[in-house]
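Below, read A as the first sequence line, B as the second, and so on, with proteins coming before strands; counting in each chain starts at 1. From a predicted model like this one, the values you see are computed outputs, not experimental measurements.
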There are 2 protein chains.
Amino acid sequence: MSISDRKEREKKEMRQAILDAALNLFREKGYDAVSIRNIAEAIEYSPATIYLYFKDKNEIFFALQFEAAAVKRDHLLPVAQIEDPWQRLIEFGRRYIDFGMKHPGLYDLLFIIRAPMESVENQECWLLGLSVHKFFEDTVQACIDARYFKSTDAKTIAYTLWCHAHGLVSLFVRDRMRMYPPEEREELARKSFAMLLKMAETL
Amino acid sequence: MSISDRKEREKKEMRQAILDAALNLFREKGYDAVSIRNIAEAIEYSPATIYLYFKDKNEIFFALQFEAAAVKRDHLLPVAQIEDPWQRLIEFGRRYIDFGMKHPGLYDLLFIIRAPMESVENQECWLLGLSVHKFFEDTVQACIDARYFKSTDAKTIAYTLWCHAHGLVSLFVRDRMRMYPPEEREELARKSFAMLLKMAETL
DNA sequence: TGACTTTACTAAACAGTGTTCAGTAAATTT
DNA sequence: AAATTTACTGAACACTGTTTAGTAAAGTCA
């Protein structure tokens with residue numbers, strides 16, 4: 001079965017080549033500004049070929065969303081090694097923001113872009129994101145159990161922290177910080193993260 | 001000059017008719033999903049007519065962004081009547097979130113949609129938004145002056161509060177709260193806002 | 001080996017998009 | 001009444017996502 005093995009491998013490689021080209025283009029120009037023809041040209045095939053590997057443009061989007069979710073998980077998961085829940089939570093937050101700043105295109109894909117979120121094919125991606133979110137909430141709960149917080153409402157605490165981090169990153173990613181001088185923006189974000197931690201200590 | 005008066009009036013009415021139709025369509029289907037032909041059909045004119053009133057689709061977008069900024073200002077400005085700066089700040093935050101929830105299309109237009117933000121024509125809109133942001137920062141400064149906060153870093157405080165509110169609204173607007181049951185989402189947002197206020201009191 | 005089937009791919013088309021331009025008919029001015 | 005200005009449009013251009021019919025090569029079997 002060596003021939004069919006090779007065929008299968010080639011099929012996967014082609015699929016990946018399409019995704020790689022698409023991701024590069026999306027990062028450069030944004031989802032809507034990239035056409036199937038652009039992607040086809042990048043991989044030096046005809047546009048119709050794309051449709052042999054993906055049902056439509058949305059399916060490419062979903063596949064990339066899954067890749068982005070995996071990159072995010074790999075970026076965040078190392079903090080599971082940190083034993084102290086409060087230190088773990090701090091590092092989780094720091095890395096969440098860091099992920100958004102380092103990969104604005106992927107962050108956009110996961111948390112900002114308007115896309116048909118109800119898709120069934122996208123379930124694996126959804127479950128992946130959900131498990132990371134659960135890890136986050138569990139860490140908050142661990143902080144409560146270790147008496148780092150007086151409040152016992154883990155859900156609301158987690159959500160509140162998330163709101164801040166997401167707001168911070170998405171104002172960056174979508175260029176809504178123009179009232180602050182460019183060279184001050186990063187420092188402001190760092191200060192704000194530190195301020196939120198200080199505030200969280202009083203919860 | 002009654003004829004040229006009428007002409008000018010008609011020109012303004014036509015412009016407004018285009019904007020009204022465009023805004024309705026954008027709200028229903030989102031910016032990218034609405035075509036110039038859709039707008040033209042809605043006002044019962046040919047697509048080419050649109051271009052007599054707007055340079056291109058982006059200019060329609062900018063004009064709507066200005067309208068959205070005005071709606072937002074009218075939604076927020078009444079809080080200027082509140083004398084106590086802390087109460088004013090609370091009500092400002094409440095209304096900011098309320099604006100986002102009530103007008104997700106407008107909020108999207110102002111703070112989320114990817115658009116050429118460097119546009120010069122868009123200056124009036126930008127100045128309008130800037131003045132509201134300044135009012136917000138001034139209110140934070142007033143809280144500091146009235147000893148509601150120990151911290152004196154008005155800029156970082158304002159930015160931190162904004163991050164939370166923007167994060168909260170944009171997770172809503174872009175449908176990223178699917179891990180929470182629909183009927184719990186609003187309450188969670190309310191609880192989170194209350195939690196942030198409690199935290200802010202310790203600043 | 002030669003005939004048959006399956007696979008991988010593409011050219012061309014369809015209906016849509018933003019935008020431009022030449023042309024027209026009506027309103028206004030002279 | 002003639003000339004000009006205004007408001008508008010039909011048709012075109014180059015683009016978009018997507019489908020379909022057809023082709024040439026690769027693999028299979030006699």
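- Contacts between chain B and DNA chain C, taken as any atom within less than 4.0 angstrom of a protein heavy atom, begin and end at C:dT17 to C:dT29.
- With sequence neighbours excluded, the residues that form a ring-ring contact (aromatic ring centres under 6.0 Å, His included) with A:F149 are A:W86.
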- Note on the structure: A correct 5'-to-3' footprint of nucleotides 18-24 of chain D, with B, S and - meaning base, sugar-phosphate only and no protein heavy atom under 4.0 Å, is BBB----

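- Remark: A:K102 pairs with A:D98 by the salt bridge (Lys or Arg N to Asp or Glu O under 4.0 Å) rule, at least two apart or across chains.
- The nearest heavy atom of DNA chain C to B:N38 and to A:Y53 marks one nucleotide each, and the one closer to the 5' end goes with A:Y53.
- Within the structure, the salt bridge (Lys or Arg N to Asp or Glu O under 4.0 Å) test picks out the following pairs touching residues 81-95 of chain B (sequence neighbours left out): B:E91-B:R94, B:E91-B:R95.
- Taking the six-membered ring where the residue is Trp, the centroids of A:Y107 and A:H103 are separated by 6.0 Å or more.
- Listed by chain and residue number, nothing satisfies the salt bridge (Lys or Arg N to Asp or Glu O under 4.0 Å) test with A:E67 (two or more places apart in sequence, or in another chain).
- Taking atom CD of B:E8 as the reference point, atom P of D:dT6 lies 13 Å away to the nearest angstrom.
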Please tabulate, one pair per line, all N/O donor-acceptor pairs under 3.5 Å involving side-chain atoms of residues 188-203 of chain A, not counting sequence neighbours.
unit_1, atom_1, unit_2, atom_2, d
A:S192, OG, A:H164, NE2, 2.8
A:S192, OG, B:T160, OG1, 2.7
A:T202, OG1, A:M199, O, 2.6

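- Under the 30°/60° scheme for interplanar angles, the aromatic rings of B:W162 and B:F111 are found to stand perpendicular.
- Nucleotide D:dT16 holds its P atom 11 Å from the CD1 atom of A:I39, rounded to whole Å.
- Put simply, B:T49 has no side-chain N or O that comes within less than 4.0 Å of OP1 or OP2 on D:dC8.
- Rounding to whole angstrom units, CD1 of residue A:I50 and P of D:dG17 are separated by 10 Å.
- Every ring-ring contact (aromatic ring centres under 6.0 Å, His included) that B:Y159 has, sequence neighbours left out, goes to A:Y180.
- With sequence neighbours excluded, no residue forms a salt bridge (Lys or Arg N to Asp or Glu O under 4.0 Å) with B:E183.
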Going by atom type alone, with no hydrogens or angles, which donor-acceptor pairs under 3.5 Å involve a side-chain atom of residues 32-40 of chain A and a protein atom two or more places apart or on another chain?
unit_1, atom_1, unit_2, atom_2, d
A:S35, OG, A:R37, N, 3.4
A:S35, OG, A:N38, N, 3.0
A:S35, OG, A:N38, OD1, 3.1
A:S35, OG, A:N38, ND2, 3.3
A:N38, OD1, A:S35, N, 3.0

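- When the salt bridge (Lys or Arg N to Asp or Glu O under 4.0 Å) test is applied to B:E184, the partners found at least two apart in sequence or on another chain are A:K155.
- The stretch residues 11-21 of chain A comes close to DNA chain C through A:K11, A:M14, each having a heavy atom under 4.0 Å from the strand.
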